[in-house]
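Everything numeric in this text was worked out from a predicted model, so none of it was measured.
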Amino acid sequence: MHGAPPPTALITGAAAGIGAAFARALAREGWRLVLVDRDSEGLQALAASLDTETTTVTADLTTDSGIDHVAEHCRDGLDLLVNNAGFGHPTEFLDTPIEAEIAMSRLHVEAVLRLTVAALPAMIERGRGGVVNTGSVLGFFPSSTYSASKAWVINFTQSAAVKARPHGVDVMVLCPGFTRTEFHDTAAMNMAAVPGFLWLDADTLVAAALRDWRKRKAISIPGWQNKTIAALSRLLPMRLILRIHARGGKRPRAVRGAAPRP
């Protein structure tokens with residue numbers, strides 16, 4: 001007599017960083033994985049390292065065709081969708097090409113919306129499943145277009161959680177802080193001034209996130225460091241937050257030819 005098939009998770013931005021950490025954690029539990037990234041070589045290397053059934057999907061989620069392609073996979077009866085793909089800019093928005101800002105908005109907002117909407121109906125019909133959207137503790141602060149897009153992710157996810165929970169489906173936003181991944185190097189950001197104690201490694205972050213998702217939390221902020229940062233957003237007067245941001249100085253200009261990896 002055959003047992004039930006393994007659950008299936010689709011992870012975007014899976015080739016490295018937090019996405020790869022989700023893949024490793026779920027593979028250890030025997031999940032079947034659909035790994036999505038525009039870095040085909042990175043996907044293949046990750047898939048080869050995992051002891052579980054994997055499908056790799058090369059797609060650019062800043063494009064309509066890429067989102068449409070992945071949305072079809074989301075409609076195939078997933079047990080978990082992890083909307084993790086993302087990137088940041090090393091420059092302030094006035095120094096960043098508008099095309100790059102629009103691409104980030106499409107990835108952080110439109111792709112998250114469309115993939116979540118594609119995945120939820122089948123989950124709700126079955127009465128089980130879930131979505132984890134990667135936000136950021138920066139989403140609690142008005143500091144950049146990146147933080148603005150992550151604020152949308154936080155707000156949208158909490159709203160979706162309320163709608164999905166009565167149907168047995170758990171939607172959660174993960175809000176990382178400083179996490180040791182390739183993210184900052186890819187965006188040409190100099191993070192040397194950030195104290196070591198503020199950083200978490202990606203595997204620790206993801207383990208805490210999965211625990212929170214299984215506890216049916218709508219928001220996960222792993223680490224006392226990140227919880228403290230999030231709390232400051234509620235305790236400090238907005239005038240002070242804006243003053244601190246204004247005095248923070250401009251970030252360095254982008255490295256010519258550098259391109260973020262959704």
Give me the atom names and distance for the closest heavy-atom approach of [X] to [Y].
X	Y	answer
Asp37	Ala14	OD2-N, 3.3 Å
Ala9	Trp31	CB-CE3, 3.6 Å
Asp79	Pro7	OD2-CA, 3.2 Å
Ala23	Leu35	CB-CD2, 3.9 Å
Val137	Ile221	CG1-CG2, 4.1 Å
Leu61	Gly66	CD2-O, 3.7 Å

Between Val117 and Ile154, is there a shared hydrophobic cluster once you connect ILVMFWY residues whose side-chain heavy atoms come closer than 4.5 Å?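 Shared cluster, yes.
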Below 4.5 Å, heavy atoms only, C-beta onward: do [X] and [Y] meet side chain to side chain?
X	Y	result
Thr145	Ser105	no
Asn226	Cys175	no
Thr204	Pro222	no
Phe141	Ile229	yes
Asp76	Val34	no
Trp213	Val82	no
Leu26	Thr52	no

For the side chain of [X] and the backbone of [Y], is there at least one donor-acceptor N/O pair under 3.5 Å apart?
X	Y	value
Lys217	Met172	no
Asn133	Val173	no
Thr12	Val36	no
Thr56	Gln44	no
Ser159	Asn155	no

Side chain to side chain contact (heavy atoms under 4.5 Å, CB included), that's the test. Do Asp64 and Arg114 meet it? Break it down for me. CA-CA 10 Å; Asp64 275 329; Arg114 289 173 59 183; 3.1 Å; yes
Trp152 vs Phe156 aromatic rings, parallel, tilted or perpendicular, using cut-offs 30° and 60°?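 Trp152 vs Phe156 ring planes: parallel.
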Relative to the ring of His108, is the ring of Phe87 parallel (under 30°), tilted (30 to 60°) or perpendicular (over 60°)?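 Rings of Phe87 and His108: tilted, as their planes differ by 30° to 60°.
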Under the side chain to side chain donor-acceptor pair (under 3.5 Å) rule, what do Thr96 and Thr91 come out as? Steps first, then yes or no, please. CA-CA 6 Å; Thr96 304; Thr91 48; 2.5 Å; yes
Option among Thr134, Thr157, Thr116 that satisfies the side chain to side chain donor-acceptor pair (under 3.5 Å) test with Asn83: Thr116
Does Glu125 CD have over 12 foreign heavy atoms under 6.0 Å away?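 Not more than 12 within 6.0 Å, no.
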Is it the case that over 12 heavy atoms from other parts of the model lie below 6.0 angstrom from the NZ atom of Lys163? no
Assess whether salt bridge (charged side-chain N to carboxylate O under 4.0 Å, His left out) is satisfied between Arg214 and Asp170, documenting all intermediate values. CA-CA 8 Å; Arg214 286 167 174 143; Asp170 298 310; over 6 Å; no
In terms of side-chain geometry, is the basic nitrogen of Arg106 or Asp60 positioned less than 4.0 Å from the acidic oxygen of its partner?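 Looking at Asp60 together with Arg106, the answer is no, because their closest N to O distance does not fall below 4.0 Å.
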Worked check of side chain to side chain donor-acceptor pair (under 3.5 Å) between Arg32 and Thr55: CA-CA 8 Å; Arg32 176 181 175 272; Thr55 300; 3.2 Å; yes
About how many Å separate CG of Leu80 and CG of Leu33, when rounded to the nearest 0.5 Å?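 One finds 9.5 Å between CG of Leu33 and CG of Leu80.
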